Amino acid sequence: MSSDPSTAEMTLPGKERGAIRSWLMDMDGVLVHEQHMIPGADRFLSLLRERELPFLVLTNNSLFTRRDLSARLKTSGLDVPENAIWTSALATARFLGDQRPGGSAFVIGEVGLTTALHAAGYTLTEQDPDYVVVGETRTYSFSRLTQAIRHIVAGARFIATNPDPSGPSTEGPLPATGSLAALISSASGVSPYYVGKPNPLMMRSALNTINGHSESTAMVGDSMKTDIVSGLEAGLETILVLTGVTSPDEVDRFTYRPSRIVSSIADLIPELEASGTEGKVETRSGGRRPRQ
């Protein structure tokens with residue numbers, strides 16, 4: 001690996017790829033940091049729209065609706081339409097809708113999760129639910145935790161939106177879904193099924209949303225433990241940016257590697273600028289094909 005992180009690149013052995021025709025990217029650490037736009041993120045998104053390349057901004061955060069997140073990104077200087085945002089809450093709702101259409105759930109979570117479940121045709125109930133679904137929340141209580149545990153012991157299936165144990169804030173880390181799910185799991189003796197990253201199911205549901213194909217899609221993320229491994233397992237090109245939680249020294253500690261490492265999302269702008277009006281994007285790990 002190059003000692004200069006801005007030029008560091010790695011290609012998956014034996015894996016030659018063609019043009020990137022669609023893009024998935026994490027939000028925190030890739031586009032924004034503590035609600036401040038990462039330089040170049042606005043230009044990168046603008047070029048994706050100009051080139052008419054499908055993209056989704058992915059987040060394990062299940063607190064907010066698409067509309068909420070679009071508004072929050074706008075305050076950071078980023079214009080991301082609602083339909084270009086994909087959350088672990090939406091992936092969870094789609095998963096449950098596919099598994100058990102018209103089911104019921106006891107939910108510990110906020111409006112991002114409850115809205116997604118309602119839209120998927122789910123009934124939220126306190127009595128005999130098909131599932132207990134846990135997402136991020138700031139208002140859980142001992143009473144609702146007890147209810148969740150008892151529903152699971154009685155036979156309800158246990159789902160959690162994501163395994164993240166903590167989340168960032170300006171004051172320091174906050175307990176997140178993984179921590180809450182661990183408490184419920186310990187008390188009930190049942191482990192949850194996590195839908196969000198690093199489960200590649202999150203990537204697959206995102207690909208289906210934009211009609212993307214794994215062979216021509218890139219995942220841009222800042223976390224080796226979630227973004228990169230889930231992208232790798234879903235068969236995507238994986239691009240690690242160094243503007244978030246992973247430092248260059250940490251990369252070699254993992255048993256898997258990203259396809260490429262760049263300093264920030266701004267380093268991907270020249271590829272899009274060079275694509276021209278024909279929508280061709282030449283990657284560093286493959287050839288060049290016209291966009292279909």
Side-chain angles (χ1 to χ4, degrees), residues 26-28 56-73 82 85-169 173-188 190-199 201-202 205-206 209 226 230:
D26 188 37
M27 184 170 67
D28 295 312
L56 275 182
V57 175
L58 273 59
T59 177
N60 264 354
N61 188 321
S62 64
L63 282 170
F64 305 108
T65 66
R66 280 173 156 177
R67 179 172 297 182
D68 296 331
L69 290 171
S70 178
R72 289 166 68 89
L73 287 168
E82 294 176 33
I85 296 173
W86 191 246
T87 72
S88 64
L90 292 166
T92 298
R94 177 173 292 184
F95 171 74
L96 293 183
D98 290 340
Q99 290 287 305
R100 189 174 290 265
S104 62
F106 175 84
V107 177
I108 295 178
E110 301 295 338
V111 64
L113 180 56
T114 56
T115 299
L117 288 170
H118 275 139
Y122 258 62
T123 300
L124 306 190
T125 182
E126 307 287 312
Q127 302 295 326
D128 193 26
D130 295 318
Y131 294 93
V132 167
V133 183
V134 176
E136 278 190 88
T137 179
R138 303 288 184 260
T139 58
Y140 59 84
S141 66
F142 182 82
S143 173
R144 289 192 66 76
L145 289 174
T146 301
Q147 282 181 277
I149 292 163
R150 290 175 179 172
H151 284 316
I152 293 168
V153 170
R157 302 153 189 86
F158 187 13
I159 298 287
T161 58
N162 67 84
D164 298 345
S166 63
S169 77
L174 297 170
T177 305
S179 293
L180 191 56
L183 187 157
I184 296 171
S185 178
S186 179
S188 67
V190 177
S191 298
Y193 180 72
Y194 293 105
V195 176
K197 298 177 294 182
N199 189 341
L201 180 69
M202 175 100 168
S205 63
T209 300
T226 56
S230 56

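Quantities reported herein were computed from a predicted structural model and do not represent experimental measurements. Reckoned from all heavy atoms, side chains included, excluding hydrogens, waters and symmetry mates.
Side chain of T146 to backbone of F142: a donor-acceptor contact under 3.5 angstrom is found. When atom types are taken as modelled, the side chain of N60 and the backbone of S88 share no donor-acceptor pair closer than 3.5 angstrom. Although no hydrogens or angles enter the test, the distance criterion places a donor-acceptor pair under 3.5 Å between the side chain of S179 and the main chain of P165. Not one N or O on the side chain of R157 forms a donor-acceptor pair closer than 3.5 Å with the backbone of I152. Looking only at distances, no side-chain donor or acceptor of Y122 sits under 3.5 Å from a matching main-chain atom of A116. Formation of a donor-acceptor pair under 3.5 Å by the D130 side chain with backbone atoms of S104 is found in this model.
Within the model, atoms CZ of F64 and OG1 of T87 stand 11.5 Å from one another, a figure rounded to the nearest 0.5 Å. Interatomic distance, T226 OG1 to N199 CG, rounded to the nearest 0.5 Å: 12.0 Å. The CD atom of Q99 lies 8.0 Å from the OH atom of Y193; values are rounded to the nearest 0.5 Å. The line from CD1 of I184 to NE2 of H151 is 11.0 Å long, rounded to the nearest 0.5 Å. For the atom pair CE of M202 and CG of L56, the computed distance is 9.0 Å after rounding to the nearest 0.5 Å. Remark: S188 OG to F158 CZ distance equals 6.0 Å, nearest 0.5 Å.
In this model, a donor atom of one side chain and an acceptor atom of the other lie less than 3.5 Å apart for T209 and R94. T137 and E110 share a side-chain donor-acceptor pair at under 3.5 Å.
Residues Y140 and L145 come closest through the heavy atom pair CD1-CD1, 4.1 Å. Across every non-hydrogen atom of S62 and G135, the tightest pair is OG-CA, 3.6 Å.
Proximity of L90 to I85: side-chain heavy atoms (C-beta onward) are nowhere separated by under 4.5 Å.
Taking 4.0 Å as the cut-off between side-chain N and carboxylate O, K197 and D164 do not count as a salt-bridged pair.
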